[in-house]
Asks: 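Next up is a structure, given as structure tokens.
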Number of protein chains: 2
Amino acid sequence: MPSSEFHTDPAPLYLKTKQMIINKIQSGEWYYNFKIPSEAELVKHLSISRMTINRAMRELMSEGYLIRIQGVGSFVAKQKGQSALFKVENIADEIQQRGRSHSSQVIIMETIDLNDAESSIKRLDFQQGTPIYHSLIVHYEDKIPVQIEERYVNAEIVPEYILQDFTKQTPNKYLNHVAPATEGEHIVEAVLADKQECSLLNINPKDPCLLIYRRTWSNAIIISNTKLIYPGSRYQLKGKFGL
Amino acid sequence: MPSSEFHTDPAPLYLKTKQMIINKIQSGEWYYNFKIPSEAELVKHLSISRMTINRAMRELMSEGYLIRIQGVGSFVAKQKGQSALFKVENIADEIQQRGRSHSSQVIIMETIDLNDAESSIKRLDFQQGTPIYHSLIVHYEDKIPVQIEERYVNAEIVPEYILQDFTKQTPNKYLNHVAPATEGEHIVEAVLADKQECSLLNINPKDPCLLIYRRTWSNAIIISNTKLIYPGSRYQLKGKFGL
DNA sequence: TAGTGGTCTAGACCACTGG
DNA sequence: CAGTGGTCTAGACCACTAG
């Protein structure tokens, strides 16, 4: 890491320093619990003043990348995917914000006609006789499956849902565009995945998973009913409230 | 804001500066969209160097208290809407609302002194040297264990925590009374319980559990850090958002 | 142009950790 | 003790906004 490149192009030094450290972490060169160079060492190697290095590392700590212990050193923190709990985030955006690559595979995309019994059991409170689209998509983060997204969508409100290519744009993003939710409900549970789900997520049947049921309405009309499954070992949900 | 008080007691200047600003905002003296004093003015009035003022204001911006515009000034940001979603429910009330009976058992109640390493690793961002109370309580619904509640509490803010009888009133209720949270953070995961936890919850080691880390602040001072474990088979987390 | 925030520096003192 | 991060300072230059 020669100091030359660091001082040429315009961009705050503390930002370039942060990016450099994030890159090392995401490339795996600086792995979990790795003791990264001290502030003094980075000052020397990068020819940047300590206050600037300090700011970069302090911000990385508050962003969850580093653990810093006075008198000991700075260490790479455990990295887990995180999802905003009650903010309906787009998983593709989340993954990209972490500097990873998102991809997805559409397993099912069909029109269905539920009878009342099925509708009740699956908690689909659509109006009787409403045509419904059913999709099942697996999302990957750097080729590792991190979420199964199974949706039942109100075909009357979003008739073109079934025509979309959801490897290019997530259902979340599409729906937010054509029929943004005004209300929603979440139910979160810890469960074991069934055989098909284990296979899609490439996990062990004993691995605990987060299961989220999410129903959204747009002006009191139900738009979609979603079941999301995350492997517990690869995902966290995070939320903040207040101020 | 005389500079005298600011330089007497020990506490980082940037933190005292942040606190001073938050107080003005919460008292209403500095209301929504109010243009607060510039860095240069605070430097003069507080007799603190600009870098320190800058850090305080920069952090307040990233925490959502301020909006800062280069060349213009710093303004009080809009208060975020309270999300009923994250209404921190009292488990005793929840259980009683279902018509069941709640009881609890206090397993641990002690004062501890964390060193920095432990504190960092456990994400306990208490101020260095802050005395901390540690409690571990099991909650029962009709004699069936449904939650393990492990708390680390700021003993400086809530000195009488350790004197309470938490079989009579939950920590949640007590804390809401003496130091209501103004901000909070949740992290939700699916995990397997460890041996002690399985024993306390009377579950099988293979049963998936919901793990919730919840940290709460009162006016930017951390109040408590809680780890909640629910057996997946006996508990769901529910939330609603929107109009 | 004057005022604002954005960044950077070189050096300083401190508290804490480990050997 | 030496090494580490935590904080603070005084001054500097810059980019941006407004009048």
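Within every chain, numbering begins at 1; the chains are lettered A, B, ... in the order of the sequence lines, protein sequences first and strands thereafter.
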Asks: Can you check the A:Met57 CE to D:dG3 C1' distance for me, whole Å?
Replies: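 Result: 14 Å.
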
Asks: Do B:Arg214 and B:Thr226 get their side chains close enough for a donor-acceptor pair, meaning under 3.5 Å?
Replies: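 No, B:Thr226 and B:Arg214 have no side-chain donor paired with an acceptor closer than 3.5 Å.
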
Asks: Does B:Ser38 make a side-chain N or O approach to OP1 or OP2 of C:dG3 shorter than 4.0 Å?
Replies: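 Answer no for this pair, as no side-chain N or O of B:Ser38 is under 4.0 Å from OP1 or OP2.
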
Asks: Could you give the CD1-to-C1' distance, from A:Ile53 to C:dT7, as a whole number of Å?
Replies: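 To the nearest whole Å, that distance equals 14 Å.
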
Asks: Check the interface with nucleotides 10-13 of chain D: list each N/O to N/O pair with the protein under 3.5 Å, or write none.
Replies:
residue	atom	partner	partner atom	Å
D:dA12	N6	B:Arg50	NH1	3.1

Asks: Just how far, in rounded Å, is C1' of C:dT4 from CG of B:Leu42?
Replies: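 One finds 13 Å between C1' of C:dT4 and CG of B:Leu42, rounded.
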
Asks: Would you say A:Ser74 reaches D:dG5's phosphate, i.e. side-chain N/O to OP1/OP2 under 4.0 Å?
Replies: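 Yes.
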
Asks: B:Thr52 side chain N/O closer than 4.0 Å to the phosphate oxygens (OP1, OP2) of D:dT7?
Replies: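 Answer no for this pair, as no side-chain N or O of B:Thr52 is under 4.0 Å from OP1 or OP2.
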
Asks: With a sphere of 6.0 Å drawn around NZ of A:Lys18, does it hold more than 12 non-hydrogen atoms of other residues, nucleotides or ligands?
Replies: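 Yes, enclosed.
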
Asks: Atom CG of A:Leu60 to atom C1' of D:dG5: distance rounded to whole Å?
Replies: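 For the pair A:Leu60 CG and D:dG5 C1', the rounded distance is 15 Å.
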
Asks: Please answer whether the main-chain N or O of B:Tyr152 pairs with a side-chain N or O of B:Asn225 as donor and acceptor at a distance below 3.5 Å.
Replies: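 No, B:Asn225 side chain to B:Tyr152 backbone: no donor-acceptor pair under 3.5 Å.
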
Asks: With no hydrogens and no angle check, do the side chains of B:Ser224 and B:Tyr133 hold a donor and an acceptor under 3.5 Å apart?
Replies: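 B:Tyr133 and B:Ser224 do not have a side-chain donor-acceptor pair below 3.5 Å.
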
Asks: Which whole-number value in Å describes the distance from B:Arg55 CZ to D:dG6 C1'?
Replies: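 Rounded to whole Å, this separation is 8 Å.
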
Asks: Would you say the ring centroid of B:Phe75 lies under 6.0 angstrom from that of B:Tyr65?
Replies: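 Distance test on ring centres: not under 6.0 Å, no.
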
Asks: Pairs under 3.5 angstrom, nitrogen or oxygen only, protein versus nucleotides 16-19 of chain D, please.
Replies:
residue	atom	partner	partner atom	Å
D:dC16	O4'	B:Gln70	OE1	3.0

Asks: What is the distance from CZ of B:Arg58 to C1' of D:dC8, rounded to the nearest Å?
Replies: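 Taking CZ of B:Arg58 and C1' of D:dC8, I get 14 Å after rounding.
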
Asks: Is it the case that the side chains of A:His139 and A:Glu149 hold a donor-acceptor pair, with the cut-off being a distance below 3.5 Å and no angle test?
Replies: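 Indeed, the side chains of A:Glu149 and A:His139 share at least one donor-acceptor pair under 3.5 Å.
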
Asks: Rounded to whole Å, please give me the gap between NZ in B:Lys16 and C1' in D:dG6.
Replies: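 B:Lys16 atom NZ is separated from D:dG6 atom C1' by 15 Å.
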
Asks: What does C:dC16 pair with, Watson-Crick or G-U, if both distances are under 3.5 Å?
Replies: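 C:dC16 is paired, partner D:dG3.
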
Asks: NZ of A:Lys35: more than 12 outside heavy atoms within 6.0 angstrom?
Replies: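 Enclosed: over 12 neighbouring heavy atoms sit under 6.0 Å from NZ of A:Lys35.
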
Asks: Can you tell me if B:Glu41 has over 12 outside heavy atoms packed within less than 6.0 Å of its CD?
Replies: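 Yes, the 6.0 Å shell around CD holds more than 12 heavy atoms from other groups.
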
Asks: Closest to the A:Arg68 side chain: C:dC8, C:dT4, D:dG5?
Replies: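 Nearest to the side-chain atoms of A:Arg68, counting from C-beta on, is D:dG5.
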
Asks: Please state how far atom CG in A:Asn54 lies from atom C1' in C:dT9, giving the value in whole angstrom units.
Replies: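 My rounded result for the distance is 13 Å.
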
Asks: Is there a donor-acceptor contact under 3.5 Å linking the side chains of B:Tyr174 and B:Gln169?
Replies: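 Side chains of B:Tyr174 and B:Gln169: no pair found under 3.5 Å.
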
Asks: Would one find a side-chain N or O of B:Tyr14 under 4.0 angstrom from OP1 or OP2 of D:dT7?
Replies: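 Yes, because at least one side-chain N or O of B:Tyr14 sits under 4.0 Å from OP1 or OP2 of D:dT7.
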
